[in-house]
Amino acid sequence: MKISSLFLFLVSLTHFETIKFSIASEDGVTNTSTCIETEREALFVFKQGLTDPSDRLSSWTGNDCCQWSGIQCNDMSGHVIRLDLRNPFLFTSFGFASMEQNDNTAYKRSCLGGELNSSLLELKYLDYLDPSLNDFKGIPIPEFIGMFQNLKYLNLSFASFAGEVPPHLGNLSNLNYLDVYADSYDRLGFYELRSESLQWISRLSSLRYLNMGQVQLNNIEKDWLQAINMLPSLVELHLHSCGLQSLSISLPFVNFTSLSVLDISWNSIISSIPNWLFNLTSLRTLDLSENSFRGTIPGDIVNLISLEVLDLSDNGEIEGPILRNLGNLCKLQFLSLSGNNFSGGKIDELFSGSLDCPNNSLVSLDLRGSQLGGELPDTLGVLKKLQLLQLSENSFWGSIPPSIGNLSSLQQLDLSWNEMNGTIPESFGKLSMLSELYLNENPWDCVITEVHLMNLTRLENVMIMLDKNTSFIFNVTCEWIPPFRLKSLQLENCLVGSRFPKWLQVQSELTTVILKNVGIEDTIPEEWFSKISAQLTYLDLSYNQIKGKLPNKLKYPKIQSNLFYGPLPANIAELMPQLVYLFLSENRLNGTIPSSICTIKNLEGLSLRTNQLSGELPKCWNESQPLWVVDLAKNNLTGVIPSSMGVLASLNVLLLSDNDLEGEIPPSLQNCSLVSLDLGGNRLSGKLPSWIGNSVTSLWMLRLRSNSFSGSIPREWCNLQVLHILDLADNNVSGVIPTCIGNLTTLAYDNNSRVSALFSLYHRYIYDEQATIVTKGRELEYSRTLVYVNVIDLSGNKLTGEIPEDITSLLVLGTLNLSRNHLTGSIPEKIGEFRWLETLDLSHNNLSGPIPQSISSLTSLSHLNLSNNNLSGRIPGGNQLQTLPDPSIYGGNPLLCGDPLPTKCPGDDDAPNSPTTGEGLEDNDTGKGDEMLWFFVSMGLGFVVGLCGVCCTLWIKDSWRKVLFQFLGMV
């Protein structure tokens, strides 16, 4: 939840209690009177219509209803004036959707339900009615509520009402407070409150507070604001997430000038920011976030001198410079402009404007994702009360200014995803209130010393996840003891030193530790680890050189690519019963995989890739395990793939490549939810399973290369519409390539959205899937970019028949390798339609005919091999083929001719570039004769012109003529 949203919620509660207190106090309510009999009977009937699982209304017995829970009477008349049935449940976690299961069960039990009986109409003096925070399971709001003429306070929020908000509520002429927020605290209901018109609201002339959040207003009149404008006493207006699509740009007059809070966030309003807003000089909170407001922020915003909260975030189209005037709003505490389009803008003006406010009040500044840039100005230091500074997802560069040390109240700093390529000043160490620090994904060039950290006594969460080419060094003395106690430390591609530093070993309250590729070449300190292991929920020590035996009692260990050795504990289920992810790839583990791993009930991910494990795969897999990834590739495992793996219904990723497995693929795997299957580099055999493409249709990678599979490629495989990688190389597959291969739509239409969605669940942050792909003539290891690889490799088999013409419809294919088969026929004429093809290998087949001229249209081609076929004719030239001059790529085709082969095509001796047809030769001879004729004509003309030039010169120059004749006389 955004800080500004949290503030708004707290402000709402404050106003709610204030208004509630003022309304309740007007009548001098006590509980000393005896209630009226008719009213008591009405309350008995009302209770009978309610459900009360927790017996909250157990006190509703006896004659004196004024003493009942939730009831208050007037101390003079004894009439019931207050009915407060608000659910008193205390949530253990803040927010609506954040409740734990225990919270939700207890909350449901504490709810009143059933119906609101019209017997309440006997309470003619009722001025306060609150059944909020209960669960009425989608019943309509009773129309009779509109008949309480004395009602001043009505709260129906978070009570799961549904249907039309009754316009009869407009009859409550004395109403001060109306809250019909349409939601429920457990967020489990699908109940919709709606209103087709707001005209009834205009009759509530005494109304001070109106909250219709989540009431659907998408069908109301476009000038709905006119009804609100008729409420001169209105102080707060909340229309959050109502489906509003319009907002009046102008008003003939502004009547609701007492308005203090205006919240129309999370709607669909497309508009510029209206100027009438700036007549609301009492406004303290203005929330226009999550709409489609566009244009610049009007300069008249400076008129809102009482403004404390301004949220214009996530509109997308608000642009222009960030006004200096915003800095002049001296009472402003929360400012959010995130998610807008201040393209290339700078924030200097905002901070400079703040200089005009000696007692600047800004507490929270959120500018994330606003397309801002430039260096952070030194005037940043004027915001001395700032607690939250969110500048992520922009283009800021340079260093953090030294004035950062002036922000003595700063609690959270986020500069992630910028271009900060400088240093962090030593004044950073003055931020004694800082608790959260996020510096991810910047090209920093800085060194952190004790001075930067020495006063950060409240620091709890640090996240500095960087790219590999970044220089971020922790250079502190070995024995330095920091003043902070961290709860979360996440460092990637930072240098902390070759040993576990002392400042880390004293951190005894850590629950999350990521030290990924930080240069540690040490053993895990046992004393430190024993202190934190009980509360540690996530540990990632990947890509270091950490030695020793595996640590125990973990829940989320990721320690791949280190130097851990020895076997996995046979009793691993007892040592780590809460294990969720076990990622130990690229270490030196040996021995067998213990069968007790099948009894870890919460295990979701298992990766033991690239170790020295031997023996057979466990046969005890448990259907209750939520495993979705099993990666045991590159070990020395033997035996068969156990059929019990088929009970893992949630299994998405199964990688068993480069082992010594044998036998067939068990049919039981069709019961899994496979998305990626890599069994390459084993001794597996049998027919290619037809249940792939039938029961299993969501595969994006199918890699079975270097095995002994036989039979033909099933036509069912054409149903794999999200397939990116099909690798069957080096097997014994026979038959023809299915003509339906063009149905692989992801390779045809570049529609990888589904694959990206699947990958995003584990890519980078949970699991990096790896695979070896043969492309561009060599083996390449792919990991994070694997999802972008598009390959069909059927090489080294016994395929026959022709290359299907439909294969050319796979427009985004990057690698096509059909080499070392027995294919016949010609190369498809439309081969040039592979617009992204980088590798094409059709070598060692029996292909014949000419090479299609369209092959020169493959502008991305970098590796081509057509050798050892029966191709004939001239090799096409031009475009990308000019960058592939190696003659061996055409070798073994005796009937091919032309560059780059030494064999010339007919007629090349006379005209190297002439066509090979007879007509072309005749045309070429004619052209040559014409050229010779014009050559002699030009020579004759040149001689005549030269002679005339000499003669004319001698005729004009008498002295030259005499010298010439004297010379001839001497000769």
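Position 1 is the first residue of the sequence, and the numbers go up from there.
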* Asked: Roughly how far apart are Ile532 CD1 and Thr511 OG1, rounded to 0.5 Å?
  -> 9.5 Å
* To the nearest 0.5 angstrom, please state how far the CD atom of Gln505 sits from the CZ atom of Phe500. => 8.0 Å
* Test item: Thr470 side-chain N/O and Trp444 main-chain N/O as donor-acceptor pair under 3.5 Å -> no
* Taking only residues two or more places apart in sequence, or in another chain, which ones meet Glu393 in a side chain to side chain donor-acceptor pair (under 3.5 Å)? -> none
* To do: Evaluate the criterion side chain to side chain contact (heavy atoms under 4.5 Å, CB included) for residue pair Leu383 and Leu410; output intermediate values, then yes/no.
  => CA-CA 9 Å; Leu383 306 177; Leu410 194 65; over 6 Å; no
* **Beyond-backbone contact of Val791 with Tyr782, side-chain heavy atoms, under 4.5 angstrom** => no
* Can you say whether the rings of Tyr581 and Trp628 are parallel (under 30°), tilted (30 to 60°) or perpendicular (over 60°)? -> perpendicular
* To do: List in chain and number order the residues that pass side chain to side chain donor-acceptor pair (under 3.5 Å) with Glu419, two or more places apart in sequence or in another chain; answer none if no residue qualifies.
  => none
* To do: Would you indicate whether the side-chain heavy atoms of Val647 and Asn622 approach each other to under 4.5 Å?
  => no
* Asked: Who pairs with Asp522 by side chain to side chain donor-acceptor pair (under 3.5 Å), at least two apart in sequence or on another chain?
  -> none
* Determine, stepwise, if the pair Gln490 / Ser488 fulfils side-chain hydrogen bond (donor to acceptor under 3.5 Å, both in side chains). => CA-CA 7 Å; Gln490 303 181 49; Ser488 174; 3.2 Å; yes
* Asked: Between Tyr767 and Phe583, how do the two ring planes meet: parallel, tilted or perpendicular, split at 30° and 60°?
  -> tilted
* Asked: Just by modelled atom types, is the Ser432 backbone N or O under 3.5 Å from a matching donor or acceptor in the Asn455 side chain?
  -> no
* To do: Indicate yes or no: at least one non-hydrogen side-chain atom of Val653 is less than 4.5 angstrom from one of Glu769.
  => yes
* To do: Spell out, as yes or no, whether a donor-acceptor pair under 3.5 Å connects the side chain of Asn461 to the backbone of Leu437.
  => no
* Under the side-chain hydrogen bond (donor to acceptor under 3.5 Å, both in side chains) criterion, do Gln535 and Thr537 qualify, and how do the steps go? -> CA-CA 6 Å; Gln535 79 253 9; Thr537 58; over 6 Å; no
* Where the side chain of Trp417 meets the backbone of Asn394, is there a donor-acceptor pair that is under 3.5 Å apart? -> no
* Asked: So Asn636 and Leu613, side chain to side chain contact (heavy atoms under 4.5 Å, CB included) or not? Walk me through it.
  -> CA-CA 6 Å; Asn636 301 313; Leu613 300 171; over 6 Å; no
* Asked: Do the non-hydrogen side-chain atoms of Ile514 and Leu489 ever get within less than 4.5 Å of each other?
  -> no
* side-chain hydrogen bond (donor to acceptor under 3.5 Å, both in side chains) partner of Ser542, chosen from Gln560, Glu586, Glu492, Lys516 -> Gln560
* To do: Please identify each residue that fulfils salt bridge (charged side-chain N to carboxylate O under 4.0 Å, His left out) with Lys384, with sequence neighbours left out.
  => none
* To do: Mind checking side chain to side chain donor-acceptor pair (under 3.5 Å) for Tyr438 and listing every partner two or more places apart, or none if nothing turns up?
  => Glu436
* To do: Mind checking the CD1-OG spacing from Ile641 to Ser644? Nearest 0.5 Å is all I need.
  => 11.0 Å
* Enumerate the residue pairs fulfilling side chain to side chain donor-acceptor pair (under 3.5 Å) with a member in residues 398-408, sequence neighbours excluded, ordered by first and then second residue. => Asp378-Ser403, Ser399-Thr423
* Indicate yes or no: at least one non-hydrogen side-chain atom of Leu466 is less than 4.5 angstrom from one of Leu491. => no
Just list the side-chain donor-acceptor pairs under 3.5 Å for residues 589-601, sequence neighbours left out, or say none.
unit_1: Ser596; atom_1: OG; unit_2: Ala570; atom_2: O; d: 2.7
unit_1: Thr599; atom_1: OG1; unit_2: Ser596; atom_2: O; d: 2.6

* Donor on one side chain, acceptor on other, Gln612 and Ser614, under 3.5 Å -> no
* To do: Mind jotting down which residue pairs meet the disulfide (SG to SG under 2.5 Å) criterion with at least one end in residues 444-485? Sequence neighbours excluded, please.
  => none
* **Ile448 side chain reached by Asn475 side chain, heavy atoms, under 4.5 Å** => no
* Residues that Glu781 engages under salt bridge (charged side-chain N to carboxylate O under 4.0 Å, His left out), provided they are two or more places apart -> Arg609, Lys634
* Min side-chain heavy-atom separation Asn360-Lys385 under 4.5 Å -> no
* side-chain hydrogen bond (donor to acceptor under 3.5 Å, both in side chains) partner of Arg705, the single match among Asp727, Asn682, Thr772 -> Asp727
* **Set of ring pair (Phe, Tyr, Trp, His ring centres under 6.0 Å) partners for Trp503, sequence neighbours left out** => Phe474
* If you draw a 6.0 Å radius around CD in Gln545, do more than 12 non-hydrogen atoms from other residues or ligands fall strictly inside? -> yes
* Within a radius of less than 6.0 Å around CE of Met454, do more than 12 heavy atoms belonging to other residues, nucleotides or ligands occur? -> no
* Under the salt bridge (charged side-chain N to carboxylate O under 4.0 Å, His left out) rule, collect the residues that match up with Arg683, sequence neighbours excluded. => Asp660, Glu662
* Check: Phe396 main-chain N/O paired with Asn418 side-chain donor or acceptor under 3.5 Å -> yes
* To do: Walk me through it: do Leu654 and Met645 pass the test side chain to side chain contact (heavy atoms under 4.5 Å, CB included)?
  => CA-CA 10 Å; Leu654 178 59; Met645 294 197 82; 3.7 Å; yes
* For the pair Asp366 and Leu391, evaluate side chain to side chain contact (heavy atoms under 4.5 Å, CB included) and give the outcome as yes or no after the intermediate values. => CA-CA 6 Å; Asp366 186 354; Leu391 301 177; over 6 Å; no
* Between the side chain of Ser338 and the main-chain N/O of Ser313, is any donor-acceptor distance below 3.5 Å? -> no
* Under 3.5 Å donor-acceptor, Gln578 side chain and Val580 backbone -> no
* Can you tell me if CZ on Arg485 sees more than 12 non-hydrogen neighbours from other groups inside 6.0 Å? -> yes
* To do: For the residue pair Leu655 and Leu632, establish whether any side-chain heavy-atom pair is separated by less than 4.5 Å.
  => no
* Does Glu509 have any salt bridge (charged side-chain N to carboxylate O under 4.0 Å, His left out) partners at least two apart in sequence or in another chain, and if so, which? -> Lys487
* Asked: Is a side-chain donor or acceptor of Gln387 paired with a backbone partner of Ser409 at a separation under 3.5 angstrom?
  -> no
* Does the Ser416 side chain pair with the main chain of Asn440, one donor and one acceptor, at a distance under 3.5 Å? -> yes
* Asked: Can you list the steps and then say if Asn587 with Asn611 is a side-chain hydrogen bond (donor to acceptor under 3.5 Å, both in side chains)?
  -> CA-CA 6 Å; Asn587 279 283; Asn611 278 286; 4.9 Å; no
* **Asn517 (side chain) donor-acceptor with Gly519 (main chain) under 3.5 angstrom** => no
* Structure fact -> In this structure, CG of Leu786 is separated from OG of Ser676 (nearest 0.5 Å) by 7.0 Å
